[in-house]
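Heads up: the structure comes next, in structure tokens.
Treat the numbers as computed from the prediction; the structure is a model and nothing was measured. If you read the sequence from its start, that first residue is 1, and numbering goes on from there. Start at 1 and go down the list; that is how both ligands and their atoms are numbered.
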Amino acid sequence: MERLRRGIATPVAVLACAVLVMIPQVLSVRYIVGSGMGGWNTNVNYTIWAQDKHFYNGDWLFFVYDRNQMNVLEVNKTDYENCISDHPLHNWTTGAGRDVVPLNVTRQYYFLSGKGFCFSGMKVAVLVENPPPPPAASPVKDGAPTLNLEGHIVIPAVFAIAAVWNSFFRFW
Ligand SMILES: *[C@@H]1O[C@H](CO)[C@@H](O)[C@H](O)[C@H]1NC(C)=O
Ligand SMILES: *[C@@H]1O[C@H](CO)[C@@H](O)[C@H](O)[C@H]1NC(C)=O
Ligand SMILES: *[C@@H]1O[C@H](CO)[C@@H](O)[C@H](O)[C@H]1NC(C)=O
Ligand SMILES: *[C@@H]1O[C@H](CO)[C@@H](O)[C@H](O)[C@H]1NC(C)=O
């Protein structure tokens, strides 16, 4: 009886840890800004790019652009609206033309390119929200991104259960 209980407890603990560790990693999404529309560039409507997306705390923005011309500056709302780049809240430009921005606070973020490009539309605003509750507890919403994320969660979880199941049977 003692042997039996220990044999079950171990795989259950492993499963619990696997699920806890997996969910935050799976939920983080790295968005290429302007993906499929020209990246971080002029003549891209970033309102349209962002409108079908949900940005969650822990996601990332990836700006890919011509490093010799543009840059990535985080500004406040007023400066975003008026394309003022003189006193950014944060300069995310590294010089490689590939800048990663962690969206790690739930708030509105505003980005623009200095050097005059903001006036040609190089500005993007994203609202960062708290991640939704785990899929089992949340009703299925319409819209492809949510379904997509849930698909990613379900599949590794099934593999994890299968792996634990295997180790469970090896105990006997
Ligand atoms: C971007 O698209 C939105 C929605 O169609 C529109 O309201 C807005 O005027 C456009 N912005 C620019 C700069 O063209
Ligand atoms: C943005 O920053 C500018 C300059 O520091 C300031 O004048 C303005 O009031 C700020 N706007 C907001 C909404 O914080
Ligand atoms: C932003 O940082 C980069 C890299 O350090 C630097 O070359 C650039 O001059 C800075 N731009 C602004 C507007 O502060
Ligand atoms: C968010 O990320 C930035 C850049 O890595 C870091 O400086 C900041 O401390 C982070 N904020 C929180 C609340 O984790």
Do any nitrogen or oxygen atoms of N91 lie less than 3.5 angstrom from nitrogen or oxygen atoms of ligand 3? yes

Hey, any chance Y80 and V101 share a hydrophobic cluster, counting ILVMFWY side chains that come within less than 4.5 Å of each other, even indirectly? no

Would you check whether N45 has a nitrogen or oxygen atom less than 3.5 angstrom from a nitrogen or oxygen atom of ligand 1? yes

For E129, give me all partners under salt bridge (Lys or Arg N to Asp or Glu O under 4.0 Å), at least two apart in sequence or on another chain. none

Please list, one pair per line, the donor and acceptor atoms closer than 3.5 Å that link side chains of residues 114-122 to other protein atoms, with sequence neighbours excluded.
none

Which N/O atoms of ligand 4 sit under 3.5 Å from a protein N/O, and at what distances?
residue: ligand 4; atom: 2 (O); partner: N104; partner atom: ND2; Å: 2.3
residue: ligand 4; atom: 11 (N); partner: N104; partner atom: ND2; Å: 3.0
residue: ligand 4; atom: 14 (O); partner: N104; partner atom: ND2; Å: 3.3

Nearest-0.5 Å distance, NZ of residue K53 to CH2 of residue W49: 5.5 Å

Please report the shortest heavy-atom distance between T93 and D99, naming the atom on each side. CA-OD2, 3.4 Å

Kindly give the cluster partners of I84, where membership spreads through any ILVMFWY side chain lying under 4.5 Å from a current member. none

Check whether F111 and V75 end up in the same hydrophobic cluster, where Ile, Leu, Val, Met, Phe, Trp and Tyr are linked by side-chain heavy atoms less than 4.5 Å apart. no

